Enquirer: 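Can you read through this structure? Questions will come right after.
For reference, positions follow the sequence shown, starting with 1. As the structure is a computational prediction, the values presented were derived from the model and not from experiment.
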Amino acid sequence: MKIAVIGTGYVGLVTGTCFAETGNQVTCVDIDVNKVARMQKGEIPIYEPGLDVLFDRNIAEDRLKFTTNIVEGIEGAEVIFLALPTPPDEDGSADLKYILGVANDLGPILKDYAVIVDKSTVPVGTAEKVRAAIAKNATVDFDVVSNPEFLREGVAVEDFMKPDRVVVGTTSDRAKKVMERLYAPLVRQGNPVIFMDERSAEMTKYAANSFLALKITFMNEIANLCERVGANVDDIRRGIGTDSRIGKRFLFAGIGYGGSCFPKDVQALAKTSIDYGYDFRTLKSVMAVNADQKKKLLPIVEDYFQGSLAGKTIAVWGLAFKPYTDDIREAPALENIEALLAAGAKVTAYDPEAMENVKKQIPDITYCHTAYAALDDADALMIFTEWPQFRTPDFAKMGKLLKEKVVFDGRNLYELNTMKEHGFTYYSIGREAVNPVEEPVA
C-alpha cells in the first residue's frame, strides 16, 4: 500500500518507519525544512531504541521517503495519517490547530478516495471536525478514522510491530477493509483489531493513559503513607502485583509521572469532562498528587542541609522522564533542578541521552560525560531517572567521589541493605531512611 504520514514527530516517525518495514511505500511529510533535509540524508532526529535500524534499511530499500511538499507526499496514498502535535492550551484542552489546519489543506488536493487517519491523541469529536474541514473543499470521497497509538517510549518499535491490540474507530465498511488490510501483517499472532465508532476510539486513548496515571499515583500515595506507618512500598507492590486483577505493571513508587502523554492526556480528559458538565474528581486528585510528588525529595534534601542549599553542589543522575528516551517533556528532573538552582545550589548532571535537550532549557548547570564525573566533589546525589546503568554502580567509587555519602533516590533503585552495607545515608520513596543523620548537616 502507499501511505502518507503527515508529521514526523515521535509518533509520526515511528508509524511511518514501521509501516515501511512491513513492505508499504511510505512518504513522511513535515514543514520543518531542516529536519526533512536531515532525514533525507539518513539522520534520525529522535532517540528510540531499534528505530535507527529500520529507518536506515527502509530508506536504503526506497520504501521510506521524506518531503516538505504535502501535495507530493499524499499523491496516490490510500491511507493518510495525521500525526501532528496536540499541545495543551492553558485550560488543559488539546489544541487542534495543526490537525485542522492540515485537514483544511487536504480537501482541495485529494484526487482519489483515501482514508484519513487521526493518529494523534485528540479529544472526543475530533474526527467529525476533521471530516467537516476536509469536506468543505473535497471533490472525491474520503473517510476519517480514529486510530490512537499506544506506544511506550523506549520500546515503541516493539509495541508497533507486536501490538497488544489495535483500536480503530470508524463506521465506514470501506475504511474498515482498508485498515484491516493495513494492519494484517502486525496481528498475525491473533492480537485483536478492535473496531468501534470514532468517538469511542478517541475516548479509549484518554481512558487508557489516565488509568495508568491513576495506578502510578495511587502507588505514590501508598508510598507516602508507608513512610508514616513504617511499611515498605516494595513489599506492598509485590503483594498486590501478583493479584491478576491488579497486575504487576505501573506499580513502582517514585517521584511522579512525566512525558509527552500522561500529563497532557489526563489534563485533556479532565477538560473534556468539564465541557460536558461532569465533575471527574478522580482526575483532579491524580493531577494534584502528581504535581506534589514530583518535588517530594526537595524538603528532605533541604532538611538534611539545615534548610539551606546555598553553595551546595548536588549531583543529578537522570534527566529524561524515563529511561531509553531523550524525551524531557514534563520530566521531574527539570522542576527539581530549577528549584535547586533557585535555592542557591550548584548542579552537576548526567544522562545517557537527554543532556543536549536539557541544555537548551537549562544552560547554567554542569553537564558531565559520565555518571561518576557528576559525583566528583558533590555534596549529595539525587536520582530522577531509572537508567539501567545506574542500578549497579561502584558504591566504593561513589563514596570516594562524593563529599558526603548521601543519596536521595526518586526511583528506589537500590536495596536498603545494600546501602547500609556501603555506609550511605539513603532516602528513597515509601521506604525507611537508611542511616539517617540525627543532626542536619551544616
Enquirer: Tell me the salt bridge (charged side-chain N to carboxylate O under 4.0 Å, His left out) pairs involving residues 413-427, sequence neighbours left out?
Expert: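 Every salt bridge (charged side-chain N to carboxylate O under 4.0 Å, His left out) pair that includes a residue of residues 413-427, provided the two are not neighbours, is Lys420-Glu432.
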Enquirer: Can you name the residues that form a side chain to side chain contact (heavy atoms under 4.5 Å, CB included) with Ala94, not counting sequence neighbours?
Expert: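 In terms of side chain to side chain contact (heavy atoms under 4.5 Å, CB included), with neighbours along the sequence ignored, Ala94 is linked to Thr86, Pro123, Tyr206.
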Enquirer: Okay, side chain of Thr8, backbone of Asp30: is any donor-acceptor separation there less than 3.5 Å?
Expert: no
Enquirer: Partners of Phe195 by ring-ring contact (aromatic ring centres under 6.0 Å, His included), sequence neighbours excluded?
Expert: none
Enquirer: Ignoring hydrogens and geometry, is there a side-chain-to-backbone donor-acceptor pair from Ser146 to Asp118 under 3.5 Å?
Expert: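 Side chain of Ser146 to backbone of Asp118: no pair is present.
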Enquirer: Do Glu48 side-chain atoms and Gly154 backbone N/O form a donor-acceptor pair below 3.5 Å?
Expert: yes
Enquirer: With sequence neighbours excluded, tell me which residues meet side chain to side chain contact (heavy atoms under 4.5 Å, CB included) with Asp164.
Expert: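 Asp164 satisfies side chain to side chain contact (heavy atoms under 4.5 Å, CB included) with no other residue.
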Enquirer: Going by distance alone, is a donor N or O of one side chain under 3.5 Å from an acceptor N or O of the other, for Asp197 and Ser200?
Expert: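 Result is yes, a qualifying pair exists.
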Enquirer: Only counting residues at least two apart or in another chain, list the ones meeting ring-ring contact (aromatic ring centres under 6.0 Å, His included) with Phe252.
Expert: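 Partners of Phe252 under the ring-ring contact (aromatic ring centres under 6.0 Å, His included) test: none.
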Enquirer: Checking Thr67 side chain against Asn69 main chain: does a donor-acceptor pair fall under 3.5 Å?
Expert: yes
Enquirer: Give me each pair satisfying side chain to side chain donor-acceptor pair (under 3.5 Å) with a member in residues 279-289, each pair once, sequence neighbours excluded.
Expert: Asp279-Lys284
Enquirer: Can you pull the ring pair (Phe, Tyr, Trp, His ring centres under 6.0 Å) pairs that have at least one residue in residues 334-377, sequence neighbours excluded?
Expert: none
Enquirer: Using the side chain to side chain contact (heavy atoms under 4.5 Å, CB included) criterion, which residues pair with Thr17? Sequence neighbours excluded.
Expert: Leu13, Leu51, Leu54, Phe55, Leu64
Enquirer: Quick one: does any side-chain atom of Asp409 pair with a main-chain N or O of Leu413 as donor and acceptor, under 3.5 Å?
Expert: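 Flag set: sc Asp409 to bb Leu413 pair under 3.5 Å.
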Enquirer: Are the side chain of Lys215 and the backbone N or O of Ile246 linked by a donor-acceptor pair below 3.5 Å?
Expert: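 Yes, Lys215 side chain to Ile246 backbone: donor-acceptor pair under 3.5 Å.
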Enquirer: Suppose we screen for side chain to side chain contact (heavy atoms under 4.5 Å, CB included). Which residues come up paired with Thr22, at least two apart in sequence or across chains?
Expert: Phe19, Asn24, Met161, Pro185, Leu186
Enquirer: When you measure from the side chain of Asp351 to the backbone of Leu319, do you find a donor-acceptor pair of N or O atoms at a distance under 3.5 Å?
Expert: yes
Enquirer: Identify each donor-acceptor pair in which a side-chain atom of residues 335-347 lies under 3.5 Å from a protein atom, sequence neighbours left out, and give them as a table.
Expert:
from, atom 1, to, atom 2, distance (Å)
Glu335, OE2, Lys294, NZ, 3.4
Asn336, ND2, Lys294, O, 2.9
Asn336, ND2, Pro332, O, 2.8

Enquirer: If every non-hydrogen atom of Pro393 is compared with every non-hydrogen atom of Trp317, which pair is closest and at what distance?
Expert: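 Smallest heavy-atom distance, with atoms named: CB-CH2, 4.2 Å.
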Enquirer: Is there a donor-acceptor pair under 3.5 Å between the side chain of Glu202 and the backbone N or O of Gly125?
Expert: yes
Enquirer: Kindly state each residue pair satisfying side chain to side chain donor-acceptor pair (under 3.5 Å) with at least one member in residues 227-241, sequence neighbours excluded.
Expert: Glu227-Lys296, Asp234-Arg431, Asp235-Arg238
Enquirer: The criterion is side-chain hydrogen bond (donor to acceptor under 3.5 Å, both in side chains); which residues satisfy it with Thr348, sequence neighbours excluded?
Expert: none
